[in-house]
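Written below as structure tokens is the structure these notes are about.
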Amino acid sequence: MRPLYIAGKKISIEKDPISTKTPWWMTVIAVVLALVFCAGFMLLNGNNPITVFSKMFSGAFGSLYGLSETLLKAIPLMLCGLGVAIAYRISVWNIGAEGQFVMGAIAATSITIYYPGMGAFSSITLMLLAGFIAGALWALLVAICRSYFDVNEVICSLMLNYIAILFLSFLVFEPWKDPNGFNFPGTAIFSSSQKLPALDDLRLHLGFLIALAAILLYAVLVKFTHWGYQLRLLSANANAARYAGMNVKRQIIIVLMISGGLAGIAGMVEVSGVTHRLSQGVTSGYGYTAIIVAWLARLNPIGIVISSILCGAVIVGGYSVQLIGLPASMALMIQGAILFFVIGGEVFSQYRIRVETISPKKNEQTSSSKVEVL
Amino acid sequence: MQKQSNMPYAIEVQNIVKTFGPVIATNQVSFKVKKGEIHALLGENGAGKSTLMSILYGLYRPDSGILKIDGEVVSFKSPKEAAQKSIGMVHQNFQLVSTLTAFDNILMGLPESWWRGRNWRFKKVKEIESLAKEYGLSFEVERAVWQMSHGEKQRVEIFKALYRQSDIIILDEPTSVLTPQESDDLYRTLKKLKETGKTIVLTTHKLREVMHACDHISIMRKGKMVASMPSSETNERDLARKLMGEMPVEVRRIEKSESSTKPSKNLLELQEICAKGLHGEQALNDLSLFVYPGEIVGVAGVAGNGQKQLAEIITGMQNPTSGGIKFKGKWINHSSIKGMIDIGIAHVPEDRLHTGMAGSLDAVDNLLMKDYKKEKHSNLGIMKHSRNLDWAKSIINNYDVTTPSANYPVRLLSGGNQQKLLLAREIEGDPALLVANHPTQGLDVGATASVHNLLLDMRSRDRGVLLISEDLDEILKISDRILVIYQGMITGEFEPSKATREEIGLYMTGSKTQFNVGALA
Ligand SMILES: Nc1ncnc2c1ncn2[C@@H]1O[C@H](COP(=O)(O)OP(=O)(O)OP(=O)(O)O)[C@@H](O)[C@H]1O
Ligand SMILES: [Mg+2]
């Protein structure tokens, strides 16, 4: 790249030959840049970005209700985000959280349909279990294809998303449709024993604690157990893991099932805690947003909590700017821009910026010239 | 400036300091290389050789100090700038893209023609072939790199540097992965390059080749330059002393007394093993051998004659297509890697950072790789953190691994220290059999001697060792029995005291065979 000469300084960008880990503040910069990028579009739309952002912020965090809504959106994102992050750690690119989420929601609903009238504790437990198992089995399909038939898991998991969503449509339009629902494509509303308990007057429900517990459990497992060690070894060097006697195929299957299971729990939590019925719109793209969540967090469990809340806030903030005439899909744009800049940041962090003071003598930059490296 | 000869040094380095966090890799190093000479840089593991080479090549930037190329002060910001000053480097770990062909690797990143059509390609291939011939570097231009032997890969790397019009060529441990023949070829090539006016700097641990092939020798110790002299003014013993500041550890080999009866039961037995190679070729051909407890069996052979498959079959990393494996008198039907580790077979693979270790993990995690499930290291699936740390520290201490801390990523250790760590892990588990593929590659003289002692210790504890190596000296020095492998078969068996290098060499190249194997090509 051609260097830039400004005021007796030479500024050049060069590739850092010893590429190190991307520092955490790159992510922060990426998020800020994404917001600036979106601000450009708001300007084009004739809106003042500062007002828009402050509206979004106060919508998401400014009131107890807003905060509760933000955390509510963060619940499925945390669970799905953790799910995909576990898989991404060992370089298994599961983008099927959406489908696994849907299967989890379906399985949980099936409990309400086929085993109605149970006590709250047993029905919730059973629904959680069903959600986990359904998500895990849906991911197992991906795992088998990847481990035994060498099928690319990206394509496989993506395609299964469509199947799951169409299956959902089939169920809510045909066999499971609520007969008293005025032809609305959805199941009957759950009974109160099938709903997750929520805060008074707010929608925030027990699922938040479930998600936090899952993340905490994962963080502890990774740090202290065999399984965590195996994950670390596998993510560091799969050849070495095999050489050390690890059954790599089995490990991939286990990880993918856990990954899918977590998305399945997210599906359960969503139907039981928020929508209280199974309907077509049960997933508003949580499984895909989870990919952004995981990358934004650099696959770090604590980071997932933060980035989920951030993405939740963007969604909720998106709703609140509808009042001033911006589409709610603003939120989608911001999320997309964030992912774009985060990934871009990965590339840029392999470069460094050098600022050199050029001594008066032409093309004579001795090694004593001051060099600042970013 | 005082009287300066009219010919400036090709490389002149003054007071270079480079630190990596707490580690001072090079400490006020000064170093001069004349134009048109072959200059060897010696030093123990972790002395700072690779670091110095990387500074010359613009990969690292010194914290302070001056670097002059052809008398001109330079400060490289990247390898690209070093390349513009005609410096080329062949790294300790090759930097080729293994899925691409030599051709693509050579032309990669060069501003060649935009349209790379058939005609263009054909012409280029011809050009490269004839140029390579001129330099005496033979390799298959259109072969994918992953199909190449180490020697061939290296020739591609050297050619790549030459093709970029390098006048100064830096080679970091070029011979530690080469067979003796390949090393000889390499030095022949280097001499040829020298005659065409190229300057060559290399690092190595092999004193003998230095004395033969190099003009000038510089020695580093613990980050400092301690000596520099023409090779005519020194000898191997002197070098060894300067290298370590003392005489190397002696390898205490105790000959087994003739009377000691051979143990009646063998430890490992391979019966008529056949196995496929990477590309489906027949890599092992009815190979049979056995190892007794308390015995070091050396397997000599030119690289690529089935050594890798031999090691992988014994360690369960590959399954034979036919034949049987017997360990401690029991047939092993379905071998798995885990199963082989559990019955006490340890393995030092030939490619440490590729298979043997996880570079981004620290020493503790790397040492635990095979043992983390043992009661000593974990309890009910929970790892014993602080105990494992202490355990790792004591191993680092006992095996003399230089690292700033047990929590340092092993990728950042010097090559030799990585190898020591790997060996330590394999030997520490007290295996019944150790399959060691090039265990001393990249180790300095002192460390090599200690590894040999470790192997001899295993032998005296009645453990078996299968030592697969291309280094005949090593095999002759410590084995009790030498087998020669050629085209996937054992073609000769020798007692080290009665064999000569030349004789074994004939078997290694297939010119002779002791056994009636009709299938020999
Ligand atoms: N990128 C790095 N980051 C941190 N430490 C490093 C790095 N590279 C080298 N070191 C440290 O610097 C020291 C010198 O390492 P160097 O690789 O130059 O040794 P060497 O002489 O080439 O040894 P060997 O013969 O074992 O290859 C070692 O202690 C090593 O751990
Ligand atoms: Mg080195």
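Throughout, protein chains are lettered first and strands after them, A, B, ... in sequence-line order, and every chain is numbered starting at 1. Keep in mind that this is a model prediction, so the values were computed, not measured.
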*Let me know if B:Leu412 has heavy atoms under 4.5 Å from chain A in its side chain, its backbone, both or neither.*
neither

*asked:* Counting heavy-atom pairs closer than 4.5 Å to chain A, which one of B:Glu426, B:His377, B:Glu72 comes out on top?
replied: B:Glu426

*asked:* Ring of A:Tyr243, cation from B:Lys370 - is the NZ or CZ under 6.0 Å from the centre and inside 45° of the axis?
replied: yes

*Relative to each other, are the rings of A:Tyr229 and B:Tyr372 parallel, tilted or perpendicular (30° and 60° limits)?*
tilted

*Show your working on side chain to side chain contact (heavy atoms under 4.5 Å, CB included) between B:Met369 and A:Met246 and close with a plain yes or no.*
CA-CA 9 Å; B:Met369 220 149 101; A:Met246 190 191 297; over 6 Å; no

_Side chains of B:Met357 and A:Asn237 in contact at under 4.5 Å (non-hydrogen atoms)_ = no

*Would a distance-only check, ignoring hydrogens and angles, find a side-chain to backbone donor-acceptor pair under 3.5 Å from A:His226 to B:Ser378?*
no

*More than 12 heavy atoms from other groups under 6.0 Å of NZ on B:Lys384*: yes

*Quick one: does B:Leu361's side chain get under 4.5 Å of A:Leu233's, heavy atoms only?*
yes

*asked:* Tell me if the NE2 atom of B:His385 is crowded by more than 12 foreign heavy atoms within 6.0 Å.
replied: yes

*asked:* Heavy-atom count check: over 12 atoms from other residues, nucleotides or ligands less than 6.0 Å from B:Tyr408 OH?
replied: yes

_Under 4.5 Å from a heavy atom of chain A, the part of B:Ile341 involved_ = side chain

*For the atom pair CE (B:Met383) and NZ (A:Lys223), what is the distance rounded to the nearest 0.5 Å?*
11.5 Å

*How many angstroms lie between CG in B:Leu368 and CZ in A:Arg232, if you round to the nearest 0.5 Å?*
9.0 Å

*With A:Ala97 via side chain to side chain contact (heavy atoms under 4.5 Å, CB included) - residues at least two apart*: A:Cys80, A:Val84, A:Gln100, A:Ala263

*Which heavy atom in A:Ala236 sits nearest to a heavy atom in B:Ser360, and how many Å separate them?*
CB-OG, 3.4 Å

_Given heavy-atom pairs under 4.5 angstrom as the criterion, report whether the side chain, backbone, both or neither of B:Arg352 touches chain A._
neither

*asked:* Closer than 3.5 angstrom, by distance alone: can the side chain of A:Arg242 be matched with the main-chain N or O of B:Thr355 as a donor-acceptor pair?
replied: no

